[in-house]
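Shown next, in structure tokens, is the structure this report addresses.
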Amino acid sequence: CRTKDFFEISKGHHPSRVMALLLFVTRRFVVSVRNQWVSFDCFGTLVDWQAWFTEVLGPLGSEAAANVIRAYHAHERVVERDYPHRSYKDVLATALSRAMAERGAFLGPQDAREILTQAWPAMRLFDDVEDMLAELRSRGYRLAVLTNCDEDQRLIRIVNTGILVA
């Protein structure tokens, strides 16, 4: 029955979300359905972070934005490794500032932080997320979102759907 449920729920959903669900559904649990949880990584799984970041960098032009995003990902890993206790806002701002400098443009960390903070509410869920999470919840699964965001960067939109509770 659980395998059939999985295939019904997964039709038409993004492969990364299907894989997360598959990993959950294929495990054997002894607890009742009321106590089964499905957890999701937030960015890239539920929230289309890449599209949001591309929009934020849109004024640079598509080619320049793509180059900055590639550089950003490399700098983000370094910043997280070198400063593991930094807030995620600081990681974002520092990595973006370094990526911009690498690409020949100046954007200080404080300016980067302000731009990203102002744009944060525009972040969108993938189109199928609300329906998929609602379906899981209707089948008795408890849902959890994992993120390394700061407290004030909570996923207000997901919570506002009533599908997840903060």
Side-chain angles (χ1 to χ4, degrees), residues 1-58 62 65-66 68-70 72-77 79-81 84-93 95-96 99 112-113 115-166:
C1 180
R2 289 171 57 93
T3 303
K4 183 180 175 188
D5 287 348
F6 166 74
F7 287 110
E8 287 175 20
I9 295 170
S10 67
K11 288 180 184 173
H13 293 287
H14 190 274
S16 65
R17 291 185 292 284
V18 170
M19 182 54 75
L21 182 60
L22 176 63
L23 291 172
F24 175 77
V25 171
T26 58
R27 293 183 185 153
R28 302 271 182 224
F29 290 94
V30 178
V31 296
S32 72
V33 172
R34 288 187 311 259
N35 293 320
Q36 289 183 331
W37 286 83
V38 179
S39 62
F40 297 91
D41 177 59
C42 179
F43 300 103
T45 304
L46 300 177
V47 173
D48 192 350
W49 188 90
Q50 192 76 16
W52 170 80
F53 203 41
T54 301
E55 280 183 34
V56 170
L57 298 175
S62 60
V68 169
I69 289 171
R70 276 192 292 280
Y72 168 85
H73 287 299
H75 286 287
E76 181 186 42
R77 286 190 295 274
V79 170
E80 288 176 331
R81 183 193 67 220
H85 301 293
R86 274 188 150 174
S87 72
Y88 191 60
K89 278 187 205 171
D90 288 342
V91 170
L92 285 168
L96 178 57
R113 184 180 180 133
I115 289 167
L116 294 170
T117 299
Q118 288 176 0
W120 197 265
M123 208 175 288
R124 293 182 305 275
L125 300 173
F126 283 104
D127 293 338
D128 60 348
V129 167
E130 290 183 42
D131 291 340
M132 184 183 68
L133 295 178
E135 178 68 20
L136 286 167
R137 191 168 187 146
S138 75
R139 292 177 186 244
Y141 294 100
R142 300 189 71 186
L143 308 173
V145 175
L146 306 174
T147 182
N148 59 345
C149 283
D150 302 338
E151 188 69 22
D152 60 338
Q153 290 177 318
R154 285 190 184 193
L155 306 173
I156 295 168
R157 178 163 178 197
I158 294 175
V159 171
N160 286 343
T161 66
I163 296 168
L164 295 178
V165 180

Problem - Evaluation steps, side chain to side chain contact (heavy atoms under 4.5 Å, CB included), between V91 and E76 - result: CA-CA 7 Å; V91 170; E76 181 186 42; 3.9 Å; yes
Problem - Rounded distance [0.5 Å steps], NZ in K89 versus OG1 in T117 - result: 5.0 Å
Handout entry: Interatomic distance, M132 atom CE to L125 atom CG [nearest 0.5 angstrom]
Key = 10.5 Å
Handout entry: Distance (rounded to the nearest 0.5 Å) between S138 OG and L133 CG
Key = 11.0 Å
Handout entry: From CG (L136) to CZ (R142), nearest 0.5 Å
Key = 14.0 Å
Problem - Closest contact, heavy atoms only, L116 versus A93 - result: CD1-N, 4.0 Å
Practice task
State, yes or no, whether a side-chain contact exists between V79 and Y72 at a heavy-atom distance under 4.5 Å.
Solution key: no
Practice task
May I ask you to check whether W49 and Y88 place their ring centers less than 6.0 Å from one another?
Solution key: no
Fill in the blank from the handout: Between F126 and the options D48, V47, L46, the side chain to side chain contact (heavy atoms under 4.5 Å, CB included) test singles out D48
Practice task
Enter the distance from I115:CD1 to L92:CG here, rounded to the nearest 0.5 Å.
Solution key: 12.5 Å
Practice task
Find out whether T45 and V129 are in side-chain contact, i.e. whether some heavy atom of one side chain is under 4.5 Å from a heavy atom of the other.
Solution key: no
Practice task
Would you check if H73 and F53 make a side-chain contact, meaning some heavy-atom pair closer than 4.5 Å?
Solution key: no
